[in-house]
Each structure stands twice: as C-alpha cells, then as structure tokens.
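For ligands, and for the atoms within them, numbers begin at 1 and follow the listed sequence.
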Amino acid sequence: LAVLPPWRRASAATSPYDLIVVGAGTAGMPLAIMAAESGSRVLVIEKSPVAGGTLDRAAGQTSAAGSIVQARKGISDTPQDHYSDIMRITQHAADPALTRLWTAHAAETVNWLISLGLDYPSTMPVVGGHEPYLIPRAQTPLGGGGTLWRTLEPLFAKSVASQKVRVQYNSRAVALLQDSKGAVVGVVVSGENGKRQDVYGRKVVLTSGGCMANQRMFEELHGSPLYYQSGYPFNEGDGLLLGLAAGGFLRGGDRYCPLLAMAMEDDRIPGFPVGQLDVHADRRPPWEIWVNARGERFVPEDSPSPHQKERALGWQPGHRMWAIHDHLAMEVFPSPIRTWSKEKYIDAFSSNPMFVKADTLQELSIRSGLHPAGLATSIQSYNESLARGTPDRLGRAHRPKPISKPPYYAIRLQGYTLMSFAGLAVDHDLRVIRQDGIPIPNLYAAGEVIGATATGGSGYCNGSMITPALTFGRLLGRRLGKIDV
Ligand SMILES: Cc1cc2nc3c(=O)[nH]c(=O)nc-3n(C[C@H](O)[C@H](O)[C@H](O)COP(=O)(O)OP(=O)(O)OC[C@H]3O[C@@H](n4cnc5c(N)ncnc54)[C@H](O)[C@@H]3O)c2cc1C
C-alpha cells in the first residue's frame, strides 16, 4: 500500500468519473446505487471478487426511530429519543454530530430496505445481547445480514448491468492522487494482474471497512490484540492508511471495549471460538462467579447491564475472565454455554484445554492459569457473605449456592470484538478532516473506516454500525450525486 509517494501530484482536468467509491460493501453499495440513480458517473473499486463486504456475515441488526416497523406496532419514537438513548448507553462517547446524522436518517434507510422487499418480523428494545434501548427500535431480518446482502446486491448488480456504475473487482486502491493544493483527484488502483493504473474522479469516498483482517494494525490502534478474527478478510485497514497519507488522522481506538466471554478452542491469538457464555442475567441468572487472572471478582455477575460488564472486562488483564463453579452447580444447572447441551458441556472438560476440572481450588488455579491465593480468597469471601446473609461485596443479588463441593470447574473466556473502533476522523458532512479540523478537499468516508466509536461510542448499541454505514452511504450517494437532499 502507498508505494507511491503520498504527495504525488496529478491533474484533475480530465476526471472521467464524478465519483470513485473505494469498497463495494455495506456503505459502498448503497452509495454507488444512489449516486448512479442521480446520473453520476460512478466507478467502484473492490478488492475482493464480489460485492457485499461484511454484510453477509453480520448478524444484520439495525435500529431506527420512526420506521414503518415501529408504525405497524403503534410505537411512538423520534430520532431525538434514539440519539439520547445512544448517548445514555455509550456515556456520551459516540460522536454527537455523526450520531445525530445517522439517527435522523435511519428510518429512511429501514423503510427503503422494506420497499426493496426486506421484511422485519418485529422491533424490540434489544436484539442479540446488547444494552437495551428504552424504546423498541432494534430489528433483525430473518436470515440476518445475509438477507440484507441478498436485498442490496441485486440492486447493485443492476446498476452495474445498466452501465450506470462501473465496478472493478479484484482491484485494490493503493494510493490517493492529490493535486498541488492537496485536493484528492483520483486513486491509484492495483488490478488483478498487479498492474497499476491511475483513475481520476471529482470526489473519492472511502468505504473500505475497518482493519479487522489486519492483526498488527488492530493491535497498534486499539492497544489490544485481535483475539478473534471475525471480520471480512479483505478489510486490512487500507482506507485508514489512504486517509492518513492524504493528511487525515485517526481517532477512537482508545475507546475500544470488548464483548463478553467467548470460549475458545485453545489459547492462540487470534483464536477460534467454540461457544459463548450466556451472560444475560435475565435469560440465565448466573450461578458461577467470574474472576480475572488474579483470581479476583471484578463485576456483579448478575448485573442486568451488558455494557457495565463489558466495560469491567475491558479493565481486566488480557480482556480475559474465568467462570468458576463447583460440582453441585454441575449437577443441578444446565450448560452455561449458549446452544450447548449439558453432555457437550461436560465433555468439554476432557477435550478442551480452556475447560479445567480439578479436585482442589489450588490445583484448579494452577492448571487454568489463575492466581491460587486470589481465587481462594474470592471464593471464601463469596461463600462467607452468603452463609452470613450479608450483602455481596460487588452488589450481586442472585447467589443460589456456595461454591464448596469438589471437583471444581473453571472455563477460560475471552473478551473480543467484531469491529474496529479506530477510524478516520470526518466532519458532520463525512468529509475526511485534518487534525486542525479542515477537510481534505474531495475526500469523504463512510462505514467502519470512520471507526465504530464515531457512531456507537465505546460500546455496543443495536444496529450502530450497519445502520449508519447504509445511511451514510445513501446520504453521500445522493449528496455527491446530482440529487439535492
Ligand atoms: C460477525 C459480525 C457481525 C456483525 N453484526 C452486526 C450487526 O448485527 N449490526 C451492526 O450494526 N453491525 C454489525 N457488525 C459490524 C458491521 O457489519 C460492519 O461494521 C459493517 O458492515 C461495515 O460496513 P463497511 O461498508 O464499512 O465495510 P464492508 O461492508 O466490510 O465493506 C468494505 C469493502 O471494502 C473492500 N476493500 C477493502 N480495502 C479495499 C481497497 N484497498 N480497495 C478496494 N476495496 C477495498 C472490501 O473488500 C469490502 O468489500 C458485525 C460485524 C461482524 C464481523
């Protein structure tokens, strides 16, 4: 990437395209579709052999206030309420201007998807395992992100077939061309055969996703290893580097927060997940305790707030926690790993090195990598306050049984994420900006390349990635095309 000197000068005089879109994914597809509808000459550069990016593998959660889905259920909601809810959940860590922008237009996006044939069976305060909104406004189509992809990709393909959009697959944007004043005038593309080509356009939009396929970059930007590589394999952070080389800057990595408790195949990084602890107290009131590597409890395990628990895990060494219980719990309770049968759970203690069973707490600690004295103290204190009927040290209310009957069990669980929190700084018009706040002429960005922090803060709100990616794509497509909004 950026083999060319970043300050390479070029002439914009002969721009054959109105718009060059770098990445045909969640944000790039609607962008190209909208711009083409307005009569613009659009070129899409796509590194992989197909359009769609991360959409196909995503859960497909979106959220919007004032959508048709809510109207069908008689739910009254406003973009202002949606915005305030996100700010409440993220403790004001999301970018206010960008959050206002996507929440203001999210219903248009959801209604557009419905007009294209997508069906949402329901809308809820929360889907999946995130912090609930105060008003039902989160929804997933049957079939998840794959259904979103199957809705949008044919429309994108139609724009290509009708020659409104030109797309170059297996082609990677490797540098931005700038004129003598620093305005972006085109892109250097490395094509299928490795041949480089300069293409010129009036505007360039980076929709190339985050850096979830680039372990080294992820770790540098977030101060945490990429424990689980779940993202689209072509998203190596190219757009972040292109924007940086053009004069932009990155923000948001310091707000990284892990999701809770993935059971992994072994201790390799990135690792392969085998199951997830059911951490939702309303669904499964916890009967185990959670400790960090020092053997210390760090959060009330039965807290109803996923965000509180995620943030607490974010402060623990290696974003790692162990769920500990005794044999009595093993006899009485079902598997705590979601979707696992009890038999599969019992079997894991003889087949997976992350699941450890031992006759004493000392042996359990040593074999599972926990501080023995720390774990012994935590269990003693938990059992004593339960026996005395005094409040739990961390405020946990649900304490069904002491942890005292050997053998003992420990599951090592990993915090992880699905998206890059760090991204290119943009202003409220999605223009890539320099550190002094001045926009780089002709350069825009949308989707995960602007970082998850921009639209979802330091945590996970339902739909706070896909909805803004689609919405910003639509908005930019219309604004940079010839239709006024
Ligand atoms: C497993 C999983 C589940 C998720 N579930 C949800 C969810 O339910 N709700 C939600 O809101 N968010 C979810 N997310 C996050 C969300 O899916 C992504 O943040 C979003 O889809 C990213 O959209 P994008 O347009 O930025 O990137 P993408 O959709 O990934 O598109 C980027 C495109 O750019 C291309 N590209 C990359 N580099 C270059 C280059 N140099 N030149 C040309 N092309 C390039 C890529 O090949 C790709 O096609 C999930 C993420 C994962 C991994």
Side-chain angles (χ1 to χ4, degrees), residues 1-2 20-32 43-64 102 106 109 126-130 138-141 144-149 152-153 156 167-176 187-191 199 204-214 226 228-243 259 262 273 416-421 423-424 445-456 460-473 476:
L1 251 190
I20 301 177
V21 182
V22 178
T26 315
M29 283 193 302
L31 202 157
L43 172 68
V44 180
I45 314 288
E46 171 52 51
K47 193 169 161 187
S48 78
V50 288
T54 307
L55 204 50
D56 190 20
R57 65 183 57 212
Q61 300 159 2
T62 56
S63 58
W102 81 262
T109 300
V126 64
V127 284
H130 302 314
Q139 56 266 320
T140 311
T147 305
L148 287 171
W149 179 78
L152 283 182
E153 197 279 337
F156 179 72
V167 59
Q168 270 182 235
Y169 288 113
N170 300 306
S171 299
R172 180 181 190 184
V174 293
L176 295 175
V187 178
V188 182
V189 183
S190 173
V199 287
V204 173
V205 191
L206 301 173
T207 50
S208 49
C211 61
M212 290 303 284
N214 187 334
L226 187 55
Y228 165 35
Q229 197 163 311
S230 58
Y232 195 54
F234 292 85
N235 292 356
E236 298 173 282
D238 296 356
L240 281 71
L241 295 182
L242 293 173
L259 284 161
M262 191 72 95
Y416 68 101
T417 191
L418 300 172
M419 59 225 196
S420 324
F421 281 67
L424 280 176
E448 203 173 307
V449 72
I450 67 169
T453 306
T455 53
Y460 301 85
C461 299
N462 268 141
S464 64
M465 296 301 291
I466 289 182
T467 328
L470 294 170
T471 302
F472 290 166
L476 278 179

Reported [atom1]-to-[atom2] distance for the pair [X] and [Y], which is rounded to 0.5 angstrom:
| X | Y | atom1 | atom2 | value |
| --- | --- | --- | --- | --- |
| R172 | I45 | CZ | CD1 | 13.0 Å |
| Q229 | N235 | CD | CG | 10.5 Å |
| T109 | I466 | OG1 | CD1 | 12.0 Å |

When only distance counts, is [X] in polar contact with ligand 1, meaning an N/O pair under 3.5 Å?
| X | answer |
| --- | --- |
| G231 | no |
| T467 | no |
| A469 | no |
| E46 | yes |
| A58 | no |
| L55 | no |
| D238 | yes |
| T54 | yes |

Subset of ligand 1 atoms that lie under 4.0 Å from at least one heavy atom of [X]:
| X | answer |
| --- | --- |
| V22 | 42 (N), 43 (C) |
| G209 | 26 (O), 27 (O), 32 (C) |
| I45 | 43 (C), 44 (N) |
| S464 | 11 (O) |
| G53 | 28 (P), 29 (O), 30 (O), 31 (O), 48 (C), 49 (O) |
| G60 | 7 (C), 8 (O) |
| R172 | 41 (N), 42 (N) |

Problem - Close side-chain approach of S208 and F234, heavy atoms under 4.5 Å - result: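 A side-chain contact under 4.5 Å is absent here.
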Donor-acceptor contact below 3.5 Å, side chain [X] vs main chain [Y]:
| X | Y | result |
| --- | --- | --- |
| S420 | C211 | yes |
| D56 | W149 | no |
| T471 | A469 | no |

Pick, from [options], the option with the minimum heavy-atom distance to [atom].
| atom | options | value |
| --- | --- | --- |
| atom 11 (O) of ligand 1 | I466, V189, T207, L241 | I466 |
| atom 45 (C) of ligand 1 | M29, K47, H130, E236 | K47 |
| atom 5 (N) of ligand 1 | A138, A51, A59 | A59 |
| atom 25 (O) of ligand 1 | A27, G447, A445 | A27 |

Practice task
Tell me, please, which residues at least two apart from Y460 pass ring pair (Phe, Tyr, Trp, His ring centres under 6.0 Å).
Solution key: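 In terms of ring pair (Phe, Tyr, Trp, His ring centres under 6.0 Å), with neighbours along the sequence ignored, Y460 is linked to H130, F421.
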Handout entry: side-chain contact (heavy atoms from CB on, under 4.5 Å) evaluation trace for V187 with L242
Key = CA-CA 10 Å; V187 178; L242 293 173; 5.9 Å; no
Practice task
Please state which part of F234 comes within less than 4.0 Å of ligand 1, counting heavy atoms only: side chain, backbone, both or neither.
Solution key: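 Both parts.
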Problem - For ligand 1, the portion of T140 having any non-hydrogen atom under 4.0 Å away - result: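 Under 4.0 Å from ligand 1, T140 contributes no heavy atoms.
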Practice task
Check whether any heavy atom of G52 sits under 4.0 Å from an atom of ligand 1.
Solution key: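 Yes, G52 has a heavy atom closer than 4.0 Å to ligand 1.
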Practice task
May I ask whether P468 has any heavy atom positioned less than 4.0 angstrom from an atom of ligand 1?
Solution key: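 It does not, in that no heavy atom of P468 comes within the 4.0 Å cut-off of ligand 1.
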Handout entry: Considering all heavy atoms, the nearest G209-L240 contact
Key =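 It is O-CD1, 4.0 Å.
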Exercise for the section: Have a look at M29 and tell me which of V21, L470, L55 forms a side chain to side chain contact (heavy atoms under 4.5 Å, CB included) with it. Expected result: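 Going through V21, L470, L55 one by one, the side chain to side chain contact (heavy atoms under 4.5 Å, CB included) with M29 is satisfied by L55 alone.
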Exercise for the section: Scan I450, T26, L31 and name whichever one has a side chain to side chain contact (heavy atoms under 4.5 Å, CB included) with F472. Expected result: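 Testing F472 for a side chain to side chain contact (heavy atoms under 4.5 Å, CB included) against I450, T26, L31 leaves exactly one candidate, I450.
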Exercise for the section: Output, in order, the C-alpha distance, side-chain angles, deciding distance and verdict of side-chain contact (heavy atoms from CB on, under 4.5 Å) for M212 and L226. Expected result: CA-CA 8 Å; M212 290 303 284; L226 187 55; 3.6 Å; yes
Handout entry: Check against side-chain hydrogen bond (donor to acceptor under 3.5 Å, both in side chains), E46 and S48
Key = CA-CA 6 Å; E46 171 52 51; S48 78; 2.8 Å; yes
